[in-house]
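See structure below.
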Amino acid sequence: KVLEDQVAAWNKGDLEAFMAGYWKSSDLTFYSGKDITRGWQATYDRYKKRYQAEGKEMGRLKFTDLDVEVLGPKGASVRGRWHLETSKEKLGGLFTLVLKKTPQGWRIVHDHTSAG
């Protein structure tokens with residue numbers, strides 16, 4: 001459900017709703033390539049700079065090959081592929097997410113995404 005909501009928000013161009021799937025904490029971690037981003041705000045700023053700055057576009061996002069593993073009543077991991085198509089390019093790669101059940105519901109606490 002978290003990922004379905006993220007895809008719907010992304011494809012509407014609603015970055016804030018997309019970010020609702022992430023744990024709103026300074027302890028959130030986002031690994032991509034050689035970069036480590038720590039904290040919800042820094043992750044939001046990274047997405048905003050990359051996909052909403054002048055001349056940038058969010059495009060159409062989809063996730064495939066999802067493999068969800070429940071790790072206990074308050075934890076789960078999700079592995080899969082991401083695909084992003086903009087007017088200029090087609091991007092994609094793999095991701096691994098760690099989710100935790102919080103008082104606000106299931107949230108991504110760690111995102112490791114690769115391109116290629």
Side-chain angles (χ1 to χ4, degrees):
K1 174 87 171 103
V2 170
L3 297 179
E4 289 172 6
D5 290 348
Q6 282 192 309
V7 167
W10 186 277
N11 291 336
K12 288 184 206 168
D14 189 343
L15 185 57
E16 290 192 24
F18 172 83
M19 287 298 298
Y22 286 98
W23 186 31
K24 200 162 188 178
S25 167
S26 59
D27 291 328
L28 168 69
T29 52
F30 184 97
Y31 290 12
S32 180
K34 64 183 186 325
D35 298 324
I36 296 174
T37 304
R38 295 186 189 281
W40 185 94
Q41 187 64 52
T43 301
Y44 173 79
D45 293 344
R46 179 189 183 283
Y47 274 117
K48 193 159 184 67
K49 181 179 178 182
R50 185 166 176 138
Y51 298 105
Q52 287 192 328
E54 184 149 344
K56 304 287 185 175
E57 62 179 292
M58 289 180 68
R60 301 253 341 136
L61 176 67
K62 104 177 146 174
F63 297 132
T64 61
D65 302 328
L66 296 178
D67 179 17
V68 178
E69 183 177 353
V70 176
L71 304 172
K74 294 188 177 186
S77 69
V78 180
R79 293 178 293 276
R81 295 183 182 277
W82 62 275
H83 309 270
L84 182 64
E85 187 170 343
T86 70
S87 63
K88 298 174 187 169
E89 59 191 341
K90 289 184 180 181
L91 306 168
L94 301 172
F95 65 86
T96 301
L97 306 173
V98 177
L99 288 90
K100 178 169 126 178
K101 191 166 191 180
T102 71
Q104 295 74 37
W106 287 96
R107 295 293 183 265
I108 299 164
V109 298
H110 175 73
D111 182 335
H112 189 161
T113 297
S114 67

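Note that this is a predicted model, so its numbers are computed, not measured.
- No side-chain donor-acceptor contact under 3.5 Å links Thr96 and His112.
- Distance CZ/Arg60 to OG1/Thr86: 12.5 Å, rounded to 0.5 Å.
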**OP:** Let me see the working for His83 and Phe63 under ring pair (Phe, Tyr, Trp, His ring centres under 6.0 Å), right down to the final yes or no.
**Re:** CA-CA 6 Å; His83 309 270; Phe63 297 132; 8.7 Å; no
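- Between Leu15 atom CG and Lys48 atom NZ the span is 6.5 Å, to the nearest 0.5 Å.
- Residues passing the ring pair (Phe, Tyr, Trp, His ring centres under 6.0 Å) test with Trp40, sequence neighbours excluded: Tyr44.
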Original post:
Leu3 and Val78: side-chain contact (heavy atoms from CB on, under 4.5 Å), yes or no, with the steps?
Top reply: CA-CA 10 Å; Leu3 297 179; Val78 180; 3.7 Å; yes
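- Listed by chain and number, the residues in a ring pair (Phe, Tyr, Trp, His ring centres under 6.0 Å) with Tyr47 are Trp10, Phe18, Phe30 (sequence neighbours excluded).
- Within a 6.0 Å radius of CZ in Arg50, no more than 12 heavy atoms belonging to other residues, nucleotides or ligands are found.
- The structure places CG of Asp65 at 9.0 Å from CG of Leu94, a figure rounded to the nearest 0.5 Å.
- In this structure, Lys49 does not pair ionically with Asp45, as no charged nitrogen and carboxylate oxygen lie closer than 4.0 Å.
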Subject >> From CA spacing to verdict: side chain to side chain donor-acceptor pair (under 3.5 Å), Asp111, Tyr31 >> reply: CA-CA 6 Å; Asp111 182 335; Tyr31 290 12; over 6 Å; no
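- Taking 4.0 Å as the cut-off between side-chain N and carboxylate O, Glu57 and Lys88 do not count as a salt-bridged pair.
- More than 12 heavy atoms of other residues, nucleotides or ligands shown are found within 6.0 angstrom of CD on Glu89.
- Annotation: the span from Thr113 atom OG1 to Leu97 atom CG amounts to 6.5 Å, rounded to 0.5 Å.
- Contact check for Ser77 versus Arg79: side-chain heavy atoms found under the 4.5 Å cut-off.
- In this structure, CG in Leu61 is found 6.0 Å from CG in Asn11, a value given to the nearest 0.5 Å.
- Arg107 and Ser25 share no donor-acceptor pair across their side chains, judged by distance under 3.5 Å alone.
- For the pair Lys100 and Trp106, the cation-pi test (distance below 6.0 Å, angle within 45°) is failed.
- Rounding to the nearest 0.5 Å gives a distance of 8.5 Å between CD of Glu85 and NZ of Lys62.
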